[in-house]
Student: 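Shown below is the structure under consideration.
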Amino acid sequence: MTTQREEFGSRIGFILAAAGSAVGIGNLVGFPVNAAKNGGGAFLLIYAIFVFTVCLPVMMAELAAGRKSNKNPLGAYQYFAPNQKLWSIGGWLSLITPFMIAVFYAVITLWVLGYLVAIISGDLNLVANPDYFGKFINSSKVFLYLAIITGIVWYILQSGIKEGIEKGAKFMMPTLFIMLVALVAFVLTQDNAAAGLHFYLVPDASKITPAVVNGALGQAFFSLSLGMGIMITYGSYMSRHNSIPGSAKMIAICDTGVAFTAGLMILPAIFSFNPDINPEELSSSSVSLIFTFLPKIFLALESSIGYIGASFIAASFFLLVLFAALTSLVSIIEVPVSGVMDQLGKTRKQALTIIGGGMILLSVFCALSFGLVSFFTEFAIYGGGIKSFFDLIIDVFYETILPLNGFLICMLVSYRWKRSEMHKELEKGDDNFHGSFTERYVDFSLSTFIPVILFLIFLNTVALKFFSFDVIAELF
Ligand code: PHE
């Protein structure tokens with residue numbers, strides 16, 4: 001195709017769209033609980049160090065590879081390593097991974113929408129019942145909500161980069177920030193909020209084990225939307241007048257800022273509901289927290305602000321999560337869509353139809369895998385248990401392949417693309433980069449220890465997930 005590639009309209013539009021991708025369910029619930037359980041302030045510090053020393057260079061590499069090649073991830077791998085079958089495996093992985101992650105993320109997003117609708121219809125008391133979740137995910141309503149989510153994402157993506165993704169992010173992200181700050185302000189006025197803050201923020205170095213360090217890095221990597229081809233794709237829509245290092249830093253600051261701020265909402269809320277709670281008892285799973293634990297907390301507000309007030313707070317929270325999930329979902333679906341457009345020369349609408357059709361089918365399989373159809377519920381056996389189709393996708397793509405993709409992109413930019421060329425790309429739109437400390441650090445880290453760390457994480461996850469062998473526990 002000879003048509004000019006679409007571009008984001010402004011630097012702030014690009015940053016909001018990329019931050020919209022990065023800020024997701026992981027930031028709002030997963031991060032705060034992990035931090036509270038694993039050493040509070042000490043975890044925060046390790047997490048922040050990983051964001052800036054390991055994740056940021058990878059993000060710059062992905063953005064630069066995308067902008068230079070002007071392509072989707074598969075196209076980018078082919079651009080830097082033409083006719084090399086082995087390298088194009090990396091490209092394929094960076095297209096298939098986001099597609100599969102989008103499938104399960106769409107299912108979680110439709111649950112969020114379902115809860116939001118139920119709360120707005122006055123059913124907070126039903127939603128707060130722990131049995132509600134199991135019934136809801138196996139009800140026929142999920143197909144309706146899947147259709148609505150698909151419709152919203154379709155509408156945003158068919159409008160293109162500037163009119164769709166950028167406009168959507170410009171509306172949803174500031175709204176999300178405002179709602180988050182308002183909810184934090186409200187939660188901090190509740191009884192026992194200080195106990196929650198104490199648990200969240202006071203450092204406890206004794207909790208920092210090798211497994212916690214490993215978890216912090218995994219969380220940071222996922223949270224910044226790395227290894228999913230998203231930053232390569234968004235980089236390909238980025239103007240050459242914008243600074244990649246500067247934008248990457250802003251995205252990382254935004255993402256970490258939202259994750260940190262979300263903790264100021266979640267932990268005090270949990271403690272004001274149940275002052276004696278030991279955070280160790282909280283499930284690490286974002287899903288069970290959002291859908292079974294937090295609704296109870298919102299309902300408990302009834303005694304102080306009435307049923308309508310409690311429903312209003314609960315609805316605000318679910319709307320916040322919905323916006324965070326939608327901007328992430330849009331970014332991840334854009335990756336295979338741009339793949340089909342570039343590689344097969346299709347129009348945006350045709351690409352959306354192909355990818356959307358495949359995704360709906362697989363999302364339906366996921367939705368059927370919580371008991372409705374035993375073929376999908378008992379889909380595979382590995383790692384000492386029976387796993388559903390939904391579990392399998394999470395274990396393979398979300399847990400395992402992400403660090404492998406990160407490793408491959410580091411190798412691609414360091415050893416296939418001339419390093420001096422990559423630096424030229426990073427210097428475009430950034431007058432201060434040449435000769436800076438950041439430049440030397442990015443060059444050194446991407447070609448040495450970062451790929452090593454990512455590869456070790458990959459091996460460790462394979463051993464743990466599929467062979468139930470805990471390398472870290474064996475070694476330390
Ligand atoms: N950073 C996102 C999150 O925390 C990760 C993600 C991006 C997930 C895009 C899915 C799609 O949820």
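Indexing begins at 1, ligand by ligand and atom by atom, following the structure's order.
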Student: Within ligand 1, which atoms have a heavy atom of I230 less than 4.0 Å away?
Tutor: 9 (C)

Student: Output the list of atoms in ligand 1 that are nearer than 4.0 Å to some heavy atom of S21, sorted by atom number.
Tutor: 1 (N), 2 (C), 7 (C)

Student: Is it the case that D255 and S223 place a side-chain donor and acceptor less than 3.5 Å from each other?
Tutor: yes

Student: Identify the closest protein heavy atom to atom 8 (C) of ligand 1: which residue and atom is it, and at what distance?
Tutor: Y105 CE1, 3.4 Å

Student: Under 3.5 Å, N or O to N or O, is A22 touching ligand 1 that way?
Tutor: yes

Student: Only pairs under 3.5 Å count here: list side-chain donor-acceptor contacts from residues 88-103, not counting sequence neighbours, and write none if there are none.
Tutor:
| from | atom 1 | to | atom 2 | distance (Å) |
| --- | --- | --- | --- | --- |
| S88 | OG | K85 | O | 2.9 |
| S94 | OG | G90 | O | 2.9 |
| T97 | OG1 | L93 | O | 2.5 |
| T97 | OG1 | N405 | ND2 | 3.1 |

Student: Closest non-hydrogen protein atom to atom 5 (C) of ligand 1, residue and atom name please, with distance?
Tutor: F222 CZ, 3.4 Å

Student: Near S328, which atoms of ligand 1 are under 4.0 Å from a heavy atom of that residue?
Tutor: 7 (C), 9 (C), 11 (C)

Student: Is M422 close to M60 at the side-chain level, that is, under 4.5 Å between some pair of heavy atoms?
Tutor: no

Student: Quick one: do K162 and E7 make a salt bridge, cutoff under 4.0 Å?
Tutor: no

Student: Give the atoms of ligand 1, by number and element, whose distance to some non-hydrogen atom of S225 is under 4.0 Å.
Tutor: 1 (N), 7 (C)

Student: How long is the straight-line distance from NZ of K346 back to CG of L352, given to the nearest 0.5 Å?
Tutor: 13.5 Å

Student: Show me which atoms of ligand 1 lie under 4.0 Å from any heavy atom of S223.
Tutor: 1 (N)

Student: F379 and F365: aromatic ring centres closer than 6.0 Å?
Tutor: no

Student: Do I25 and ligand 1 have an N or O pair less than 3.5 Å apart?
Tutor: yes

Student: Under 4.0 Å from a heavy atom of G26: which atoms of ligand 1 are those, numbered in the order shown and with their elements?
Tutor: 3 (C), 4 (O), 12 (O)

Student: Do N27 and ligand 1 have an N or O pair less than 3.5 Å apart?
Tutor: yes

Student: Do the side-chain N and O atoms of D391 and S388 include a donor-acceptor pair separated by under 3.5 angstrom?
Tutor: yes

Student: Is K71 salt-bridged to D342, going by a charged N under 4.0 Å from an acidic O?
Tutor: no

